[in-house]
Asker: 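One structure coming up, written as structure tokens, with questions to follow.
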2 protein chains.
Amino acid sequence: MDIFANLMRSPENLIPMTTNSQANSPWRSPCPVNISLELVGDKWALLVLRDILFKGFKSFKEFSQSKERIATNILASRLKFLTEVGLLESEVSEKDARVIFYKPTSKGLDLIPVIVSLVLWVDKYEKHSVPKAEIEWMKKNTKKFIAEIRAKFE
Amino acid sequence: MDIFANLMRSPENLIPMTTNSQANSPWRSPCPVNISLELVGDKWALLVLRDILFKGFKSFKEFSQSKERIATNILASRLKFLTEVGLLESEVSEKDARVIFYKPTSKGLDLIPVIVSLVLWVDKYEKHSVPKAEIEWMKKNTKKFIAEIRAKFE
DNA sequence: TCAGTTGATTGCATTTTGCAAGTGTTTTTC
DNA sequence: GAAAAACACTTGCAAAATGCAATCAACTGA
């Protein structure tokens with residue numbers, strides 16, 4: 001089955017459904033690539049996910065202290081959006097009622113493979129801050145790596 | 001080797017290198033997730049890649065006719081940027097000197113796994129336009145799928 | 001010669017972002 | 001128990017990015 005040939009035969013598969021369904025849909029187009037970009041295709045969303053998934057961050061304060069220096073208004077809007085689209089859940093801390101803990105939903109956890117593939121791509125072409133040994137392990141044991149991170153939240 | 005534990009022990013691995021190298025670097029931070037977002041983390045870059053990789057589009061005109069309706073100034077700036085950062089190469093058509101063909105570099109082709117993982121993620125949670133059979137094939141034969149697309153450009 | 005195509009640019013309105021300051025609530029400190 | 005600090009936002013405003021229509025020069029084909 002040559003998917004590419006299929007897509008070439010009917011490339012509209014990667015683009016519209018029908019003009020009707022497009023009217024009901026919130027998306028620019030029903031192409032899955034496009035939908036993914038409308039959900040996490042900006043400079044900040046996956047960074048928040050990274051902080052939660054890989055660094056174990058939970059609170060607004062922790063996110064706001066990441067080295068990319070996200071502005072607090074942007075952070076607030078991203079946390080709201082990510083929660084609204086079902087990638088994050090929030091709960092008030094039991095110890096301190098000021099603090100809100102954010103954690104990934106199953107939908108959010110399922111983005112780990114995306115982030116991993118981005119990291120492996122960057123590793124191949126750009127200098128970055130993750131030690132070689134960890135990249136190598138990530139590359140050779142991708143499934144286990146993903147499973148281990150998931151396990152922290154389930 | 002528990003990568004996550006390592007990262008928790010020294011989470012700065014996912015963020016800065018040194019303050020020195022950060023000054024020389026064009027990136028907000030040397031975290032690979034961040035770098036990937038600075039390269040393709042916007043609403044349009046991966047859409048152009050999709051058009052090239054999955055739909056076989058080559059020219060400005062073809063990209064501009066995609067259903068997401070990218071504005072021509074944005075398209076021009078994205079094509080310029082993607083070429084500058086080495087994801088695309090351009091060459092003037094032999095038949096028509098006005099037409100510029102864009103094709104993926106090796107660095108661009110290596111983004112296929114990222115796009116595939118995004119598609120598989122979206123498939124799990126959102127309605128989209130790619131037939132089930134093709135998603136299933138993509139899921140079960142991911143490596144082959146990626147290799148087949150690569151082969152079209154090598 | 002000349003209308004039409006192509007990739008790209010310009011001008012301008014709209015939207016999003018960045019930044020500093022401020023808000024309301026809760027917790028800590030004295 | 002009042003003042004100060006911490007936390008998660010919110011607001012106001014300047015700056016940047018985006019969307020859109022018009023336009024451009026280079027080129028093509030008739």
Side-chain angles (χ1 to χ4, degrees), chain A residues 22 26-29 34 37-49 51-52 55-85 87-104, chain B residues 22 26-29 34 37-49 51-52 55-85 87-104:
Chain A
Q22 195 153 11
W27 313 120
R28 286 185 304 195
S29 91
N34 177 61
L37 294 178
E38 296 204 47
L39 288 169
V40 295
D42 77 284
K43 297 260 183 290
W44 297 112
L46 285 183
L47 239 39
V48 173
L49 262 297
D51 285 350
I52 293 181
K55 294 172 63 190
F57 286 3
K58 293 176 177 180
S59 67
F60 190 98
K61 189 192 175 192
E62 290 173 304
F63 304 140
S64 71
Q65 288 172 343
S66 277
K67 283 297 183 299
E68 292 87 4
R69 312 301 344 259
I70 185 171
T72 61
N73 56 345
I74 307 293
L75 175 56
S77 77
R78 288 309 181 284
L79 287 171
K80 188 184 176 200
F81 178 76
L82 291 173
T83 303
E84 283 172 355
V85 298
L87 276 76
L88 300 183
E89 282 174 354
S90 62
E91 60 175 341
V92 176
S93 166
E94 291 176 6
K95 294 181 181 174
D96 185 338
R98 289 171 305 181
V99 176
I100 297 170
F101 287 143
Y102 293 89
K103 62 177 182 180
Chain B
Q22 195 153 12
W27 314 120
R28 287 184 303 194
S29 92
N34 177 61
L37 294 178
E38 296 204 48
L39 287 169
V40 296
D42 79 283
K43 296 259 182 291
W44 297 111
L46 285 183
L47 239 39
V48 173
L49 261 297
D51 285 349
I52 293 180
K55 294 172 62 191
F57 286 3
K58 294 177 178 180
S59 66
F60 189 98
K61 188 193 175 192
E62 288 172 304
F63 304 140
S64 70
Q65 288 171 342
S66 277
K67 284 297 183 297
E68 292 87 5
R69 311 300 344 260
I70 185 170
T72 61
N73 55 344
I74 307 293
L75 175 56
S77 76
R78 288 308 180 285
L79 288 171
K80 189 184 175 197
F81 176 76
L82 291 173
T83 303
E84 283 172 355
V85 298
L87 276 78
L88 300 182
E89 281 175 355
S90 62
E91 59 175 342
V92 176
S93 166
E94 290 178 5
K95 293 181 181 175
D96 185 337
R98 291 170 305 177
V99 176
I100 298 170
F101 288 142
Y102 293 88
K103 62 178 181 180

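Per chain, numbering begins at 1; letters A, B, ... match sequence-line order. What you are looking at is a predicted structure, and each value in this text was computed from that prediction instead of being measured.
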Asker: Rounding to a whole Å, what distance do you find between B:Asp51:CG and C:dG7:P?
Answerer: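 Value for this atom pair: 13 Å.
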Asker: So, under a plain 3.5 Å distance rule, would you say the side chain of A:Arg98 forms a donor-acceptor pair with the base of D:dA6?
Answerer: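 For A:Arg98, whose side chain was compared with the base of D:dA6, there is a donor-acceptor pair (under 3.5 Å).
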Asker: Any donor and acceptor pair, going by atom type alone, linking the side chain of B:Lys43 with main-chain N or O of A:Gly41 inside 3.5 Å?
Answerer: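 Present.
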Asker: Would you tell me if any nitrogen or oxygen in the side chain of A:Tyr102 comes within less than 4.0 Å of OP1 or OP2 on D:dC7?
Answerer: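 Answer is no, no contact under 4.0 Å.
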Asker: Would you mind reading off the distance between B:Ile100 atom CD1 and D:dA25 atom P, rounded to a whole angstrom?
Answerer: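 To the nearest whole Å, that distance equals 17 Å.
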Asker: For A:Glu84, does the CD atom sit with more than 12 other heavy atoms under 6.0 Å from it, leaving out its own atoms?
Answerer: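 Yes, the 6.0 Å shell around CD holds more than 12 heavy atoms from other groups.
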Asker: A:Tyr102 and A:Thr83: which non-hydrogen atoms are nearest, and at how many Å?
Answerer: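 Shortest heavy-atom separation between A:Tyr102 and A:Thr83 comes out as CE2-OG1, 4.0 Å.
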Asker: Identify the heavy atoms of A:Ala45 and A:Asp42 that sit nearest to each other, and give their distance.
Answerer: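 Result for this residue pair: CB-OD1, 3.1 Å.
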Asker: Quick one: closest heavy-atom pair of B:Ser59 and B:Val99, and the distance?
Answerer: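 Closest pair (atom of B:Ser59, atom of B:Val99, distance): CB-CG1, 4.2 Å.
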Asker: Rounded to whole angstrom units, what separation is found between the CZ atom of B:Phe60 and the P atom of C:dG7?
Answerer: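 For the pair B:Phe60 CZ and C:dG7 P, the rounded distance is 7 Å.
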Asker: Nearest whole Å is fine: how far is C:dG7 P from B:Glu91 CD?
Answerer: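 Atom CD in B:Glu91 sits about 13 Å away from atom P in C:dG7.
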Asker: What nucleic acid atoms does B:Ser59 come within less than 4.0 Å of, heavy atoms only: base, sugar-phosphate, or nothing?
Answerer: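 If one applies the 4.0 Å heavy-atom cut-off, B:Ser59 turns out to touch the sugar-phosphate alone, with no base involved.
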Asker: What does the B/S/- profile of nucleotides 16-22 of chain C look like, 5' to 3', with a 4.0 Å heavy-atom cutoff to protein?
Answerer: -SBB-B-
Asker: To the nearest Å, how far apart are B:Lys58 NZ and C:dG7 P?
Answerer: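 Atom-to-atom, B:Lys58 to C:dG7, this comes out as 13 Å.
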Asker: Specify the separation, in whole Å, of atom NZ of A:Lys80 and atom P of D:dC9.
Answerer: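 Computing the A:Lys80:NZ to D:dC9:P distance gives 11 Å.
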Asker: Could you tell me whether B:Phe101 contacts a base, only the sugar-phosphate backbone, or nothing, with contacts defined as non-hydrogen atoms closer than 4.0 Å?
Answerer: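 Touches nothing.
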Asker: Would you mind reading off the distance between B:Glu62 atom CD and C:dG7 atom C1', rounded to a whole angstrom?
Answerer: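 Interatomic distance, CD of B:Glu62 to C1' of C:dG7: 13 Å.
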Asker: For A:Phe63, which contact category applies under a 4.0 Å heavy-atom criterion: base, sugar-phosphate, or nothing?
Answerer: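 Nothing, no heavy atom under 4.0 Å.
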Asker: Rounded to the nearest 0.5 Å, how far apart are CH2 of A:Trp44 and OG of A:Ser66?
Answerer: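 Between atom CH2 of A:Trp44 and atom OG of A:Ser66 there are 9.0 Å.
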Asker: So which one's nearest nucleotide on DNA chain C is more toward 5', A:Glu94 or B:Asp96?
Answerer: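 The residue closer to the strand's 5' end, by nearest nucleotide, is B:Asp96.
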Asker: Over how many whole Å does the gap from A:Lys95 atom NZ to D:dC7 atom C1' extend?
Answerer: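 Going from A:Lys95 (NZ) to D:dC7 (C1'), I get 17 Å.
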Asker: Give me the atom names and distance for the closest heavy-atom approach of A:Phe81 to A:Glu38.
Answerer: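 So the minimum-distance heavy-atom pair works out to CZ-O, 3.8 Å.
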